[in-house]
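For the numbers below, each heavy atom of this structure counts, side chains included, while hydrogens, waters and symmetry mates do not. Position 1 is the first residue of the sequence; numbering continues from there. Note that the structure is predicted; figures quoted are calculated from it, not measured.
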Amino acid sequence: MPPSVVPRSGSGTRSAGWPRARRVAGPAPWSMGWAIGWSTGWVLAVALHLGALVAGAEVLADVTQCLITPLLAGALVAATRWPRGHVVTWSLAGLGACFLGDAAPRLLAGDAAFLAMVGCFLVAQVAYVVAFAPRVRRSVVRTRPVWLVAYAAALVALVALCAPHAGPLLVPVAVYGGLLTAMAVLATGLGPLGAAGGAVFLVSDALIALGRFVPGWDLPGHDVAVMLTYAVGLGLLVLAVARDDRTQRTTSAARTRERAAASVRAERDERDNVVPLVAVRRRLEV
């Protein structure tokens, strides 16, 4: 018998008053097929993008970069069920803002393009912070607060390295760095995958800032490293969110079944108590 179905009585029929069988909250098999398809498309897009960067194929690199987040969003939608909860909904909003951050700078140039990218990804970080905030009790904020020192040190070091050459962009960079770090901290509440995804995403954006504001940081393979960590970070976050959603739904479904079973037992106990009382009363009347 599949574990996703409520147990039946020994006779093969439902016990009287037993709650109706329901599937454990999770995506349907056909939906998981779509999730695998979207994920496969994402892997291909990332591979093509990295190859285009290495080969210097700018048009292909631009097109494939703009496909990364939509494909991840499709995978997340397919891997979860409606109605989607707070974490999934806001994570999808974060992916949408990341898409704008990938696409908008291609319509602009110079500082305007950089500010457009920072602005869109700033919105993305706000969305992710809102998404992961309900899991703060399971994050390092509560479980291992000593790790906050490491995250704070990374933020201070990044801002200190960028400050001498950031000029008027220092404040936006510092604000963005703070939100980015907050996202990475809260992502630890999604488990090891979330922690890894948040940390890798932080590394990706830190590389962008260092390449922009620190002279001489133009290291070999810099663009490839930025996009590889960006894609992997987002992929890990999406996987962590999908697993968190399934865990929450499964736990909720189990609690609902337990409450229903407890209600049935209470009704049976009440009936079992009423029958003897009625019999005693009749004997007394006789």
Practice problem: Give, for atom OG1 of T188 and atom CZ of R138, the distance between the pair rounded to the nearest 0.5 Å. | Solution: 10.0 Å
Quiz item: CG of L76 to CG of L234: how many Å apart, nearest 0.5 Å?
Solution: 11.5 Å
Quiz item: Roughly how far apart are L210 CG and L161 CG, rounded to 0.5 Å?
Solution: 6.0 Å
Exercise. Only counting residues at least two apart or in another chain, list the ones meeting side-chain hydrogen bond (donor to acceptor under 3.5 Å, both in side chains) with D205.
Key: Y176
Self-check item: Min side-chain heavy-atom separation L95-V238 under 4.5 Å
Solution: yes
Practice problem: Please name the pair of heavy atoms, one in L148 and one in V185, separated by the smallest distance, quoted to 0.1 Å. | Solution: CD2-CG1, 3.7 Å
Quiz prompt | V159 vs F213 side-chain heavy atoms within contact, under 4.5 Å | solution = no
Exercise. Report yes or no: do V46 and V224 belong to one cluster of Ile/Leu/Val/Met/Phe/Trp/Tyr joined by side chain heavy-atom distances under 4.5 Å?
Key: yes
Exercise. For R246 and A242, indicate whether the former's side chain and the latter's backbone hold a donor-acceptor pair under 3.5 Å.
Key: no
Practice problem: Give a yes or no on whether L44 and Y230 share a hydrophobic cluster (residues Ile, Leu, Val, Met, Phe, Trp, Tyr; joining criterion: side-chain heavy atoms under 4.5 Å apart). | Solution: no
Practice problem: In sequence, state the C-alpha distance, the side-chain angles, and the governing distance for L115 and L169, and then conclude on side chain to side chain contact (heavy atoms under 4.5 Å, CB included). | Solution: CA-CA 9 Å; L115 287 174; L169 297 178; 3.3 Å; yes
Quiz item: Just wondering, do D245 and V87 contact through their side chains at under 4.5 Å, heavy atoms?
Solution: no
Quiz prompt | Chi angles and distances behind the side chain to side chain contact (heavy atoms under 4.5 Å, CB included) call for V173, V118 | solution = CA-CA 8 Å; V173 169; V118 171; 5.9 Å; no
Quiz item: Is it true that atom CZ of R84 has more than 12 heavy atoms of other residues, nucleotides or ligands lying nearer than 6.0 Å?
Solution: yes
Quiz prompt | Straight-line distance of L239 CG to D244 CG, nearest 0.5 Å | solution = 11.5 Å
Quiz prompt | Atom pair NE2 (H49) and CG (D62), whose distance is rounded to the nearest 0.5 Å | solution = 8.0 Å
Practice problem: Could you tell me whether a side-chain N or O of S204 sits under 3.5 Å from a main-chain N or O of F201, the two making a donor and an acceptor? | Solution: no
Practice problem: Report the residue from I208, L180, D102 that forms a side-chain contact (heavy atoms from CB on, under 4.5 Å) with F121. | Solution: D102
Practice problem: Decide yes or no for W90 and V126: does some side-chain heavy atom of the first lie under 4.5 Å from some side-chain heavy atom of the second? | Solution: no
Quiz item: Are V136 and L202 co-members of a hydrophobic cluster defined by side-chain heavy atoms under 4.5 Å apart?
Solution: yes
Self-check item: Heavy-atom check, side chain of L207 versus side chain of W217, under 4.5 Å
Solution: yes
Quiz item: Mind checking whether M227 and V43 sit in one hydrophobic cluster, side chains of I, L, V, M, F, W, Y counted as touching below 4.5 Å?
Solution: yes
Quiz prompt | For D223 against L53, the heavy-atom pair lying closest together | solution = O-CD1, 3.8 Å
Quiz item: Is there a donor-acceptor contact under 3.5 Å from the side chain of T181 to the main chain of L155?
Solution: no
Quiz item: According to a 4.5 Å side-chain heavy-atom criterion applied to Ile, Leu, Val, Met, Phe, Trp and Tyr, with indirect links allowed, do F99 and L60 form part of one hydrophobic cluster?
Solution: no
Quiz item: Tell me, do L190 and V241 make a side-chain contact under 4.5 Å, heavy atoms counted?
Solution: yes
Quiz item: Counting distance only, does the side-chain N/O of T89 pair as donor-acceptor with the main-chain N or O of H86 below 3.5 Å?
Solution: no
Quiz item: Are C98 and Y128 side-chain neighbours, meaning at least one heavy-atom pair lies under 4.5 Å?
Solution: yes
